[in-house]
Number of protein chains: 2
Amino acid sequence: MGGFKMDEQYLKSIQQQLHQAGFKLTPQREATVCSLIENEEGHLSAEEVYMRVKEKSPDIGLATVYRTLEILSELKILDKVSFTDGLIRYDLRREGSQHHFHHHLLCTQCGKIQEVHEDLLLDVERVVEQQFHFQVTDHKLTFQGICMDCQRKNREQQQKQ
Amino acid sequence: MGGFKMDEQYLKSIQQQLHQAGFKLTPQREATVCSLIENEEGHLSAEEVYMRVKEKSPDIGLATVYRTLEILSELKILDKVSFTDGLIRYDLRREGSQHHFHHHLLCTQCGKIQEVHEDLLLDVERVVEQQFHFQVTDHKLTFQGICMDCQRKNREQQQKQ
DNA sequence: ATCCGTGCAAAATCTTTGCATCTCG
DNA sequence: CGAGATGCAAAGATTTTGCACGGAT
């Protein structure tokens, strides 16, 4: 919506999923979904989504945002994630409900979170199924470490000294 | 400590780590650590730890349990984890801070959580480091799916019908 | 008219903090 | 003895819920 490009296709697809599940496409829900798409990979908390939605639709209530996020989670359009602070954050599941959730790389130095959409766990899941007889349906994987930028900064810092 | 076997060695090691980090060895802290060891793989919440500690040491306060859990987390004796409910749960890190955190298998049918102490991510970490230039220091991996017991139950259920 | 959705405010949870007192080392 | 730890209660923070009203079919 706003100035920069909005993934209309994706928005429509989500609206369709809401509709097919019997939910109405209210302005509040549309505004919430738009904010999520505009901040894709932003890993926003409920409060952060609320603040962004409120810029465009000032009359919306925080409870409505919570209720919408809950619906979107149930429909597997979103996944709830949580990193360093205890806050629940919401992450669009672009891969769809039929694929496994994407991975995250969390930099413990700058806090940045990078997404990995390639599924790196196919082999590991085979081991889990064969060795532990556990039938995998999904996964959540986060690597903690130092991102490329911080590695570079750290090297530069060392050279100065 | 109570009726069943208590891992004295592990308790001592944790007390030593507390001591070396400059913390006092109070009865409350000992009771908290004991409850955690007795309920290893229990993935207890703060409230659940509190209730268990209170059985042995009725005068302890919930705030003290929170403060102790926070200290143990900082010392990497515990890891905070979170599964289906939003609650923060505490998981003893037996592998120590020098190894990567163990994996979890969460059964979405019965809610049981199984631990996998073998590190299945060595190859994947190599890919992450080479392909994404991300220097991995730790990871958190949870598989969702159906545990062996539920698979069996489901098969038996199907045969009846 | 009916059903669903909404905003507001209150309630419910979970967690942290301030402070007087106590205790380990 | 003194710094750190504790218990209690109060405050904070986050999330859920109750309820009357509103809007679309």
Side-chain angles (χ1 to χ4, degrees), chain A residues 14-15 17-35 43-75 77-91, chain B residues 12 14-35 43-75 77-91:
Chain A
I14 293 177
Q15 291 184 332
Q17 289 176 69
L18 274 170
H19 198 222
Q20 282 173 2
F23 294 103
K24 290 180 182 168
L25 299 176
T26 66
Q28 291 91 335
R29 284 176 185 165
E30 170 162 341
T32 303
V33 171
C34 281
S35 289
H43 305 99
L44 305 180
S45 66
E47 185 78 29
E48 287 167 352
V49 172
Y50 173 61
M51 290 189 303
R52 277 164 176 76
V53 174
K54 221 168 161 50
E55 287 174 16
K56 308 272 173 72
S57 319
D59 284 345
I60 200 173
L62 177 57
T64 300
V65 171
Y66 270 105
R67 285 185 281 231
T68 301
L69 293 173
E70 196 52 43
I71 290 171
L72 294 171
S73 297
E74 280 169 21
L75 296 181
I77 291 163
L78 290 179
D79 271 89
K80 297 180 184 181
V81 292
S82 190
F83 299 103
T84 41
D85 53 8
L87 284 190
I88 297 173
R89 295 175 173 280
Y90 297 87
D91 195 6
Chain B
K12 286 236 172 91
I14 293 176
Q15 291 184 331
Q16 210 163 46
Q17 290 176 70
L18 274 169
H19 197 226
Q20 281 173 2
F23 296 103
K24 289 179 181 169
L25 299 177
T26 66
Q28 291 92 333
R29 285 176 183 163
E30 169 161 340
T32 303
V33 172
C34 283
S35 289
H43 305 100
L44 304 180
S45 66
E47 185 78 31
E48 287 167 352
V49 173
Y50 173 60
M51 289 188 305
R52 277 165 176 76
V53 173
K54 221 169 160 49
E55 287 173 16
K56 307 271 173 68
S57 317
D59 284 344
I60 200 173
L62 177 56
T64 301
V65 172
Y66 271 104
R67 284 185 280 231
T68 301
L69 293 173
E70 196 52 43
I71 290 171
L72 295 171
S73 299
E74 280 167 23
L75 297 181
I77 291 163
L78 290 180
D79 271 89
K80 297 181 184 182
V81 292
S82 189
F83 300 103
T84 43
D85 54 8
L87 285 190
I88 297 172
R89 295 176 172 281
Y90 297 86
D91 196 5

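We name chains A, B, ... by the order of the sequence lines, and we start the count at 1 in each one.
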Do Gln15(A) and Arg29(A) have side-chain heavy atoms sitting under 4.5 Å apart? no

Polar side-chain atom of Ser57(B) near backbone of Ile60(B) as donor-acceptor pair, under 3.5 Å: no

If you look only at pairs with a residue in residues 65-74 of chain B, which of them pass as a salt bridge (Lys or Arg N to Asp or Glu O under 4.0 Å), with sequence neighbours excluded? Glu70(B)-Lys80(B)

Would you check if Leu72(A) and Leu18(A) make a side-chain contact, meaning some heavy-atom pair closer than 4.5 Å? yes

Whether Thr32(A) side chain and Val65(A) backbone form a donor-acceptor pair below 3.5 Å: no

Five-pair end axes of the helix from dA1(C)-dT25(D) to dG25(C)-dC1(D), angle between them (10°): 30°

Students should find that the nucleotides of DNA chain C closing off the region near chain B, any atom under 4.0 angstrom from a heavy atom, are dC14(C) to dG25(C)

Salt bridge (Lys or Arg N to Asp or Glu O under 4.0 Å): pairs with one or both residues in residues 14-23 of chain B, sequence neighbours excluded: none

If you look at every strand shown and take non-hydrogen atoms under 4.0 Å, does Glu47(B) touch a base, only sugar-phosphate, or nothing? nothing

Taking Ser45(B) for its side chain and Ile88(B) for its backbone only, find out whether a donor-acceptor pair lies under 3.5 Å. no

Any side-chain heavy atom of Arg89(A) sitting closer than 4.5 Å to one from Glu48(A)? yes

Tell me: CD of Gln15(B) to C1' of dA5(D), nearest whole Å? 16 Å

5' precedence on DNA chain C between Glu70(B) and Tyr50(A) (nearest-nucleotide basis): Tyr50(A)

To the nearest angstrom, the CZ-P distance between Arg29(B) and dG7(D) comes to 11 Å

Protein-nucleotides 19-23 of chain D N/O pairs under 3.5 Å:
none

Rounded distance (Å) that lies between atom C1' of dA3(D) and atom CG of Leu25(B): 15 Å

Taken to the nearest whole Å, CD1/Ile88(A) to P/dA13(D) is 17 Å

According to the ring pair (Phe, Tyr, Trp, His ring centres under 6.0 Å) rule, which pairs have a member within residues 43-63 of chain B, sequence neighbours left out? His43(B)-Phe83(B), His43(B)-His104(B)

Is any side-chain heavy atom of Ile71(A) closer than 4.5 Å to a side-chain heavy atom of Phe23(A)? yes

Which residue, Tyr66(B) or Leu62(A), contacts DNA chain C at a nucleotide closer to its 5' end, judged by nearest heavy atom? Leu62(A)

Under the 3.5 angstrom rule, does the side chain of Ser73(B) hit a backbone N or O of Leu69(B) as a donor-acceptor pair? yes

Rounded to whole Å, the NZ-P distance (Lys54(B) to dT6(D)) equals 14 Å

Length of the CG-P vector between Leu87(A) and dT14(D), whole Å: 5 Å

